[in-house]
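Order of the sequence lines sets the chain letters (A, B, ...), proteins ahead of strands, with each chain counted from 1. Values reported hereafter were calculated over all heavy atoms of this structure, with side chains retained and with hydrogens, waters and symmetry mates removed.
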Amino acid sequence: MAKLRFFADIVMNREIAMDIFHMKLYCPMAAKLAIPGQFLHMRCSDTLSPLLRRPISIANADERDGTLDIIYRVVGEGTRLLSAKKTGESIDIMGPLGNGYPIDQKVNRIAIIGGGIGTCPLMFLAKKLATKNSKSGNLVKHSVFLGFKTAKQSFGIEFFQSLGYDVHISTDDGSLGFKGFPTDLIQDYIFDVIYACGPKPLLAIMQAYAVRHNIMSFVSLEERMACGIGACLGCAVKMKSDGYKKVCKDGPVFELSKVIF
Amino acid sequence: MAKLRFFADIVMNREIAMDIFHMKLYCPMAAKLAIPGQFLHMRCSDTLSPLLRRPISIANADERDGTLDIIYRVVGEGTRLLSAKKTGESIDIMGPLGNGYPIDQKVNRIAIIGGGIGTCPLMFLAKKLATKNSKSGNLVKHSVFLGFKTAKQSFGIEFFQSLGYDVHISTDDGSLGFKGFPTDLIQDYIFDVIYACGPKPLLAIMQAYAVRHNIMSFVSLEERMACGIGACLGCAVKMKSDGYKKVCKDGPVFELSKVIF
Amino acid sequence: MNNDRISCKQNTHKTDLSLEIAGIAMKNPVMVASGTFGFGREYSEFIDINNLGAIVTKGLTFLPKEGNPPPRTYETPGGMLNSVGLENPGVENFIKKEMPYLNSLSIPVIVNIDGDTVNEYYKIAKRLDNVKNISALEINISCPNVKQGGMAFGQDPQNAYEVVKAVKEGTNLPIIVKLSPNVTKVEKIAEAAVSAGADAISLINTLLGMAIDIYEKKPVFYRTFAGLSGPAVKPVALRMVWQVYDAVDVPIIGMGGIFTWQDAIEFILAGASAVAVGTANFVEPQAPEKIVAGIEHYLKEQFEENIRLNDIIGLAHKANID
Amino acid sequence: MNNDRISCKQNTHKTDLSLEIAGIAMKNPVMVASGTFGFGREYSEFIDINNLGAIVTKGLTFLPKEGNPPPRTYETPGGMLNSVGLENPGVENFIKKEMPYLNSLSIPVIVNIDGDTVNEYYKIAKRLDNVKNISALEINISCPNVKQGGMAFGQDPQNAYEVVKAVKEGTNLPIIVKLSPNVTKVEKIAEAAVSAGADAISLINTLLGMAIDIYEKKPVFYRTFAGLSGPAVKPVALRMVWQVYDAVDVPIIGMGGIFTWQDAIEFILAGASAVAVGTANFVEPQAPEKIVAGIEHYLKEQFEENIRLNDIIGLAHKANID
Ligand SMILES: Cc1cc2nc3c(=O)[nH]c(=O)nc-3n(C[C@H](O)[C@H](O)[C@H](O)COP(=O)(O)OP(=O)(O)OC[C@H]3O[C@@H](n4cnc5c(N)ncnc54)[C@H](O)[C@@H]3O)c2cc1C
Ligand SMILES: Cc1cc2nc3c(=O)[nH]c(=O)nc-3n(C[C@H](O)[C@H](O)[C@H](O)COP(=O)(O)OP(=O)(O)OC[C@H]3O[C@@H](n4cnc5c(N)ncnc54)[C@H](O)[C@@H]3O)c2cc1C
Ligand SMILES: Cc1cc2nc3c(=O)[nH]c(=O)nc-3n(C[C@H](O)[C@H](O)[C@H](O)COP(=O)(O)O)c2cc1C
Ligand SMILES: Cc1cc2nc3c(=O)[nH]c(=O)nc-3n(C[C@H](O)[C@H](O)[C@H](O)COP(=O)(O)O)c2cc1C
Ligand code: FES
Ligand code: FES
């Protein structure tokens with residue numbers, strides 16, 4: 001019985017864009033188990049403030065060197081404390097948790113679309129898809145659409161490019177790439193499968209798009225969590241049928257067409 | 001109107017004995033105002049845990065270089081967080097607070113007696129008394145009696161010696177100096193004034209001793225504090241007459257004979 | 001107060017943590033609180049559930065319940081608010097889908113039940129009466145997150161009396177009544193529950209609280225109010241355990257903000273025969289296991305040999321009398 | 001609900017924080033809570049007291065009161081327990097020794113009063129009636145830390161009614177009634193207080209809690225129970241302000257765990273016309289000043305020009321109805 005709870009060593013923790021931090025953790029067991037779309041449930045402090053753990057997507061995992069990467073934006077107390085942690089400290093994590101993106105589809109044209117911090121799980125996904133494609137000799141170019149508030153808050157672009165993806169960038173203020181939203185860019189293309197993560201308005205537009213073009217789509221959702229493992233029923237998200245699902249256990253990845261926004 | 005609240009820079013913070021830390025703060029205004037027996041009311045965390053400030057005696061103050069020293073034992077959450085602070089961080093303090101030891105007595109034979117962490121305010125006191133004596137040309141040797149649990153937890157001994165005091169040491173386990181309590185050592189001597197700080201049993205014995213020999217004595221007391229400035233009436237200590245006094249405002253230094261233990 | 005609320009099975013170990021509450025034999029006094037541990041399965045990836053004293057399930061209603069719209073949780077200083085709204089599969093699905101796993105455990109299973117009406121409580125109790133491997137029912141008369149029933153039953157002695165009476169009629173299982181802290185005199189509700197036949201009292205359920213989103217300018221929760229739990233509520237929970245211990249003679253299961261073994265000992269000294277860990281599970285899944293070890297250590301360190309847990313229940317009341 | 005609980009003096013500034021509660025003209029809605037600010041003098045070394053909306057004194061009894069034995073305070077997760085026991089110099093010493101300093105302030109002075117009996121409340125009110133520069137009396141019917149009176153008056157509508165009635169007979173000053181949160185239905189007590197003539201309601205006083213020293217094996221406090229305050233209680237306090245706002249038509253002074261301006265805004269949106277800062281003063285003496293600045297900033301950022309504080313009081317109730 002695997003105990004999915006670890007004290008991971010912080011190998012690196014640095015700011016990679018405005019308020020965006022990249023933390024590398026040494027945790028061989030979790031690195032081995034992780035699949036794209038899963039998350040870590042992290043204790044940000046060893047005091048009672050903040051009390052609850054914080055869910056953060058796995059942005060990369062390297063089974064060989066036993067490390068996991070996360071990328072997070074400082075938005076409140078928990079992430080502020082995370083950002084103050086130093087190399088060499090250890091951190092209490094539960095995970096990998098959640099279901100992850102299904103990547104076994106035999107498809108040609110894949111679109112990955114992310115907004116802001118929603119980019120994080122997509123990085124790990126992109127890497128796995130690239131590995132799978134190079135193995136299977138599938139050389140079709142896949143597209144990535146990323147949206148950021150502003151150039152200063154952008155990250156990950158070179159990562160996707162280095163994997164061979166065709167990367168399209170937009171920013172709200174036009175300081176980098178197209179001025180607008182990534183959903184504006186994707187409207188010109190057609191795909192067999194879409195993987196998405198980002199703010200709700202972006203996902204709602206993608207849902208309409210995917211339904212219109214009848215494209216199989218998977219989305220990673222966010223909801224406030226307490227336990228992170230399906231025990232408290234705290235992270236409910238309403239589905240078109242079947243009532244509420246738990247983001248932490250049934251998700252965070254869902255079929256986009258089934259979600260009610 | 002002086003605002004007794006500062007964000008002081010941590011110049012140094014290191015373990016000087018088992019679980020005992022020495023922190024040096026740069027805070028010129030507080031260093032200038034401080035007198036022996038006063039304390040700082042320190043915020044140990046910038047989160048809500050722990051919530052309240054922690055009172056810590058001023059163990060030294062150097063007006064010329066603008067620094068204050070504190071020495072503290074790690075006993076709980078607040079002091080644990082203090083001990084984790086790094087040079088260069090700043091810390092939120094209120095102070096100097098409280099009344100301080102009266103040192104204007106024209107006396108010849110002074111005894112300083114402290115137990116454990118109670119030694120801290122006595123260090124600053126000893127320095128002030130030494131300066132005063134060297135100024136006034138008073139060359140009488142004063143005595144210091146210090147008790148510690150064990151040698152590993154002892155500190156400050158050289159400090160008192162370097163100031164020219166006659167230092168008597170005891171430890172509970174006999175690992176340094178006399179095996180027993182500092183109150184055992186003092187029984188052989190007679191003094192004009194006694195300054196004490198330490199655990200209640202020590203102070204109670206000293207009270208009996210001082211009353212028996214009719215020696216003017218001052219003691220610094222501890223009590224749980226909320227505000228630290230006399231506003232909440234939380235730090236009450238019962239006096240033989242006059243009801244309750246506030247340790248933070250009326251004290252922490254009181255005439256030993258008046259206290260009910 | 002009496003010492004025979006629980007009878008301890010003496011064994012050869014020096015510290016014996018085993019006890020019997022309302023006929024439920026437990027190997028230690030540490031349970032998990034309803035609604036914080038699902039139906040057990042999820043936490044099996046993090047702790048060995050058979051190390052617990054007992055497991056208490058998520059609250060069950062007669063029919064399945066969908067629960068409240070999100071958000072359902074919200075962090076507060078030292079605590080959290082929840083408005084799950086008793087999402088649960090209903091009693092039949094529970095028996096079919098959850099009991100098989102619970103049957104595989106070697107520890108007592110306590111089923112938490114909830115109803116909109118006195119009759120619903122009766123019906124669930126009756127339905128569960130002949131289900132194997134259920135050790136006791138915990139009647140939740142204190143859920144703040146539902147439209148009807150719930151807490152209203154726990155805020156009035158007469159209502160509490162009626163619910164307990166009805167459940168007693170429906171089942172021969174031992175009955176634990178779970179009290180709401182949102183009352184003027186919790187001991188009055190406890191007395192009513194005991195007079196209706198409660199075999200044990202558990203407390204506290206969540207304190208009624210709320211939060212407002214200052215940018216949306218509206219309550220965070222759909223039902224406006226939600227239940228406050230976690231370390232923040234511990235002082236209140238402890239006080240209520242103390243008051244109920246002074247008022248009734250059945251065993252008490254204490255909960256509310258228990259995080260460490262020191263917290264658990266406070267509850268035991270205040271009069272709790274057993275304790276339940278709730279919110280702490282979310283933060284520290286090993287909290288219950290650590291608490292068992294801590295209690296054992298405390299007993300060994302603070303008392304002479306052959307001390308039984310029994311001997312220290314409510315001990316702080318005696319100090320008080322002196 | 002009505003918008004005319006408070007009448008705002010419009011001035012030329014874009015955001016006007018001034019208000020009038022029960023006839024007390026305040027330049028902003030941020031007060032300090034009774035018992036956390038002494039008689040004002042102490043904090044003058046840390047903030048400019050004249051920047052506050054009003055000052056509320058430590059609770060006064062008719063005769064001097066010695067208070068409880070130590071310890072009187074104890075830290076809890078996100079909060080603290082206190083058992084000061086209303087140590088105070090009594091009404092005569094207050095007038096002689098504390099009023100001269102309070103007279104020197106330019107802000108309203110509200111005197112918190114407490115009694116063992118209805119008659120004691122009456123006597124204090126009468127004695128203070130003709131003292132100059134007192135803007136209002138806050139009747140504390142909710143102190144948990146005394147042997148007699150105190151909270152007992154605040155846990156029963158009839159008792160509350162009688163105390164308020166008596167105070168009204170003793171004085172022409174505006175009357176604020178301070179409620180206890182340790183009740184089943186706080187709105188019932190509020191209604192009783194208003195029907196007896198309360199000009200405003202303040203809440204919450206401390207939640208009744210306790211702590212146990214597990215090594216001494218006895219309660220930490222001499223009186224066993226003590227009062228819980230600080231951020232831990234905020235969700236409960238906010239909920240009660242919301243309930244009382246729905247029940248009565250007099251202005252509400254909200255308090256309980258307010259630390260930041262965001263907390264204060266939550267209370268205002270829930271229905272508080274003014275807020276009081278208590279425990280936070282101990283940790284962050286500048287909390288009240290920062291809250292004033294934060295409220296001003298929020299109004300400017302979130303609303304159109306010329307918004308008045310008045311316009312946002314209870315605003316979250318409207319969102320709720322939609
Ligand atoms: C499955 C999942 C994966 C995520 N992956 C990432 C990631 O890779 N990088 C990243 O920067 N952020 C990610 N988030 C969002 C991240 O969890 C929040 O930003 C974080 O919890 C904020 O904590 P805080 O204390 O800094 O902020 P606060 O606002 O102070 O947090 C208060 C409470 O609200 C919760 N909360 C706040 N924002 C969110 C949110 N967006 N989603 C869920 N709960 C929230 C917190 O967990 C906490 O309980 C993810 C969220 C989920 C659910
Ligand atoms: C005037 C004064 C001067 C002091 N000077 C020193 C000093 O120079 N060095 C030093 O190491 N300690 C000193 N102390 C004791 C120090 O304040 C406590 O050790 C410290 O507050 C413990 O905090 P904690 O969070 O680590 O422990 P915890 O036990 O977790 O603290 C919990 C609560 O109890 C209070 N508390 C715990 N122990 C004491 C105590 N002995 N006295 C008062 N309150 C206490 C804390 O302030 C806090 O509110 C002094 C105390 C006072 C009153
Ligand atoms: C998310 C959540 C769900 C809960 N669901 C239930 C429930 O279904 N039935 C019940 O009796 N209590 C329920 N409770 C209350 C807990 O069992 C417990 O009484 C309360 O949380 C106090 O304990 P704690 O502070 O340790 O969490 C729930 C609490 C939480 C936090
Ligand atoms: C140390 C202390 C003393 C108090 N004394 C009084 C008092 O004399 N009269 C009173 O009405 N309330 C008193 N209170 C209650 C506060 O005024 C306030 O209602 C309560 O603390 C909640 O607010 P807070 O969480 O901001 O502290 C006291 C609170 C504390 C912490
Ligand atoms: S966070 Fe507890 S069920 Fe998802
Ligand atoms: S700590 Fe508040 S009066 Fe001393």
Side-chain angles (χ1 to χ4, degrees), chain C residues 74 76-81 155-156 180-185 207-219 224-228 230-243 257 259 261-270 298 301-302 312 315-320 322, chain D residues 74 76-81 155-156 180-185 189 207-219 224-228 230-243 257 259 261-270 298 302 312 315-320 322:
Chain C
Y74 188 81
T76 69
M80 62 174 281
L81 289 163
Q155 289 188 316
D156 177 87
S180 168
N182 303 296
V183 296
T184 308
K185 290 189 188 303
L207 277 163
L208 198 62
M210 76 175 291
I212 288 179
D213 183 323
I214 64 169
Y215 299 106
E216 299 286 331
K217 298 161 191 93
K218 63 184 185 60
T224 306
F225 304 151
L228 181 66
V233 310
K234 196 191 80 175
V236 174
L238 195 64
R239 181 261 296 181
M240 291 190 165
V241 166
W242 181 281
Q243 290 175 319
F259 228 81
W261 65 263
Q262 289 92 335
D263 298 332
I265 295 291
E266 281 191 82
F267 277 85
I268 292 168
L269 296 176
Y298 173 83
E301 191 197 76
Q302 292 287 313
I312 74 160
L315 194 63
H317 290 256
K318 286 169 198 152
N320 208 41
D322 304 339
Chain D
Y74 188 81
T76 68
M80 63 175 281
L81 289 162
Q155 289 188 315
D156 178 86
S180 169
N182 303 296
V183 294
T184 308
K185 290 189 189 300
I189 316 290
L207 277 163
L208 198 62
M210 76 176 291
I212 289 179
D213 184 321
I214 65 169
Y215 299 105
E216 298 285 331
K217 298 159 189 94
K218 63 183 185 61
T224 306
F225 304 151
L228 181 65
V233 310
K234 195 190 81 175
V236 175
L238 195 64
R239 181 261 297 181
M240 292 191 162
V241 166
W242 180 281
Q243 291 175 318
F259 227 80
W261 66 262
Q262 288 92 335
D263 298 331
I265 295 291
E266 281 192 83
F267 277 85
I268 292 168
L269 296 176
Y298 173 83
Q302 292 287 312
I312 74 161
L315 195 62
H317 289 257
K318 285 170 200 154
N320 208 43
D322 304 340

Quiz prompt | For Pro77(C), all residues meeting side chain to side chain contact (heavy atoms under 4.5 Å, CB included), sequence neighbours excluded | solution = Leu48(B), Pro231(D)
Quiz item: What's the spacing between Lys217(C) NZ and Glu266(D) CD if we round to 0.5 Å?
Solution: 13.0 Å
Quiz prompt | Heavy-atom proximity to chain D below 4.5 Å, by part of Leu228(C) | solution = side chain
Self-check item: Partner chain D: residue of Asp156(C), Leu208(C), Val183(C) with the largest heavy-atom pair count (under 4.5 Å)
Solution: Leu208(C)
Quiz prompt | Separation between CD1 of Ile214(D) and CG of Leu315(C), rounded to the nearest 0.5 Å | solution = 12.0 Å
Quiz item: So how far is it from His317(C) NE2 to Thr224(D) OG1, rounded to the nearest 0.5 Å?
Solution: 8.5 Å
Quiz item: Ala316(C) and Lys218(D): which non-hydrogen atoms are nearest, and at how many Å?
Solution: CB-CA, 4.0 Å
Self-check item: Listed partners of Ala237(C) passing side chain to side chain contact (heavy atoms under 4.5 Å, CB included), at least two apart
Solution: Ile204(C), Phe267(C)
Self-check item: Winner by heavy-atom pair count (cut-off under 4.5 Å) against chain D, out of Val233(C), Thr76(C), Thr184(C)
Solution: Thr184(C)
Exercise. Pick whichever of Ala232(C), Pro235(C), Pro181(C) has the most heavy-atom pairs under 4.5 Å with chain D.
Key: Pro235(C)
Exercise. Starting at CG of Asn182(C), measure out to CG of Asn182(D) and round the result to the nearest 0.5 Å.
Key: 10.5 Å
Quiz prompt | Region of Leu81(D) in contact with chain C, defined by heavy-atom distances below 4.5 Å | solution = side chain
Quiz item: Among Leu238(C), Ile265(C), Val236(C), which residue forms the greatest number of heavy-atom pairs with chain D at distances under 4.5 Å?
Solution: Leu238(C)
Practice problem: Measure the CD-NZ distance between Gln155(C) and Lys185(D) for me, rounded to the nearest 0.5 Å. | Solution: 5.5 Å
